[in-house]
Amino acid sequence: MFLLEKKIALEWKKGIVPLLLLLVAISGYLNFMLFNNTGPGRILGAALQKMEQTEGLFTLEIQEKGQTYNLNFKGHYKNREIYGHIPAYELEVYKHTSGVIFVKDLKDNLWKKAPALKLQSLQEYFVSPFELLATWSHLFSSAQLINNPGGREKVILLHVPAAELAKTGFLQSHPQSCPSELQCLVNLDTDNLFINRIVLSLQNSKSRGSIFSRTFSFSRSPEDADEIMPEEIEKLCKDAVL
């Protein structure tokens, strides 16, 4: 009797393992089908909405590569505010929620508006990728899911034609002598709808070569900060209209 019970238990274990593997495979397949049936555009829209509504502090890195230059920024992002440094130029930069950019003058160590230091080009560099995506939300229906073997993130590709770039006025400082389009790659965690990375790559429509690329990398900051505005600018804003 004991041997019979042991044999039955052994056979049961042999049968339950393949069943569990089958259930895991079915669950993975259903999640995959759910993502694809929902559509990359809808997933992107939901992730964008969540990122815009999140009031927490994000660590932000911006890396831009052109044909003859590199420009990197490290700092924080919170509710459309940006604060941090461009190490290569020893610049301390703050972007207010109104869009006004302040830079600490290296000569007198005082905060000034970017145009006063002839750094108005930073206005385009510190554009919010979330605001850009919201502007291009009508293009989400044509978004594509990119294969990402072994990656835990989902990658979504959005093509932004030259006509759409002209409407938003984005990248107007770049040469417009050749037709170009923008490729927007969005890496996101679908479980939490968290956008980890946005890569904007300006492409020559004729040669298909890259004119420049800008990468925004976001992560949840371990710091707990209510404000990221430097105290000097807070005082400055009280005395002057932005």
Side-chain angles (χ1 to χ4, degrees), residues 32 35-54 58 60-73 77 80 82 95 97-99 101 114 120-149 151 153-190 193-218:
F32 175 80
F35 178 83
N36 286 278
N37 289 337
T38 301
R42 291 188 178 182
I43 294 292
L44 178 56
L48 174 61
Q49 184 177 28
K50 184 172 181 180
M51 295 294 287
E52 287 182 317
Q53 292 176 349
T54 300
F58 297 148
L60 168 65
E61 290 191 23
I62 306 175
Q63 297 176 312
E64 179 168 318
K65 293 182 179 181
Q67 296 176 341
T68 59
Y69 71 94
N70 290 326
L71 187 62
N72 299 324
F73 168 85
Y77 176 96
R80 297 188 179 183
I82 297 175
K95 181 180 179 181
T97 54
S98 64
I101 293 178
Q120 55 268 24
S121 59
L122 289 178
Q123 197 71 45
E124 190 172 86
Y125 181 76
F126 284 104
V127 65
S128 167
F130 301 143
E131 292 180 33
L132 285 177
L133 284 173
T135 302
W136 299 326
S137 60
H138 60 286
L139 301 174
F140 286 5
S141 59
S142 60
Q144 302 171 0
L145 178 63
I146 302 300
N147 189 25
N148 186 25
E153 302 172 328
K154 296 296 183 182
V155 182
I156 296 174
L157 171 62
L158 184 69
H159 288 283
V160 183
E164 293 294 336
L165 285 177
K167 289 179 183 178
T168 58
F170 181 53
L171 300 179
Q172 292 301 302
S173 62
H174 286 265
Q176 302 295 314
S177 56
C178 60
S180 57
E181 70 171 13
L182 190 76
Q183 289 185 355
C184 179
L185 280 174
V186 181
N187 293 51
L188 58 88
D189 178 354
T190 53
L193 290 178
F194 188 88
I195 295 177
N196 300 306
R197 188 178 300 105
I198 299 174
V199 182
L200 303 177
S201 179
L202 188 64
Q203 304 286 320
N204 186 314
S205 298
K206 291 184 177 180
S207 66
R208 309 307 300 174
S210 176
I211 300 174
F212 97 108
S213 66
R214 184 184 301 166
T215 302
F216 298 86
S217 300
F218 293 92

By side chain to side chain donor-acceptor pair (under 3.5 Å), Asn72 pairs with (sequence neighbours left out) none

Those residues at least two apart in sequence (or on a different chain) that pass side chain to side chain donor-acceptor pair (under 3.5 Å) with Ser201 are Gln203

Residue pairs meeting salt bridge (Lys or Arg N to Asp or Glu O under 4.0 Å), one or both in residues 131-148, sequence neighbours left out, come to Arg80-Glu131

For residues 133-147, the salt bridge (Lys or Arg N to Asp or Glu O under 4.0 Å) pairs (sequence neighbours left out) are none

For Phe130, the ring-ring contact (aromatic ring centres under 6.0 Å, His included) test, sequence neighbours excluded, returns Tyr77, Phe218

Contacts of Glu153 meeting salt bridge (Lys or Arg N to Asp or Glu O under 4.0 Å) (sequence neighbours excluded), chain-then-number -> Arg197

Fill in: Pair Leu133-Ile198, side-chain contact (heavy atoms from CB on, under 4.5 Å): steps then yes or no
CA-CA 10 Å; Leu133 284 173; Ile198 299 174; 3.8 Å; yes

Distance from [X] atom [atom1] to [Y] atom [atom2], nearest 0.5 Å?
X	Y	atom1	atom2	value
Asn70	Gln63	CG	CD	9.0 Å
Cys184	Leu44	SG	CG	7.5 Å
Leu71	Phe212	CG	CZ	11.0 Å
Ile82	Phe58	CD1	CZ	12.0 Å
Leu202	Ser213	CG	OG	10.0 Å
Arg214	Ile62	CZ	CD1	7.5 Å

For [X], give me all partners under side-chain contact (heavy atoms from CB on, under 4.5 Å), at least two apart in sequence or on another chain.
X	answer
Thr135	Thr168
Gln49	Gln53
Ile146	Val155, Leu157, Leu185
Ala134	Leu48, Glu52

Beyond-backbone contact of Trp136 with Leu165, side-chain heavy atoms, under 4.5 angstrom: yes

Self-check item: Side-chain touch Leu188/Ile156, heavy atoms, less than 4.5 angstrom
Solution: yes

Inset, instruction - Determine, stepwise, if the pair Val160 / Leu200 fulfils side-chain contact (heavy atoms from CB on, under 4.5 Å). - result: CA-CA 10 Å; Val160 183; Leu200 303 177; over 6 Å; no

Handout entry: Side chains of His159 and Gln144, donor plus acceptor under 3.5 Å
Key = no

Would you please test Phe126 and Phe73 for ring-ring contact (aromatic ring centres under 6.0 Å, His included) and show each step?
CA-CA 10 Å; Phe126 284 104; Phe73 168 85; 4.9 Å; yes

Audit row: Leu158, Leu139, side-chain contact (heavy atoms from CB on, under 4.5 Å) steps and yes/no
CA-CA 8 Å; Leu158 184 69; Leu139 301 174; 3.9 Å; yes

(Q) Show, in sequence, the C-alpha distance, side-chain angles and deciding distance for Lys50 and Phe194, and conclude whether the side-chain contact (heavy atoms from CB on, under 4.5 Å) test is met. (A) CA-CA 8 Å; Lys50 184 172 181 180; Phe194 188 88; over 6 Å; no

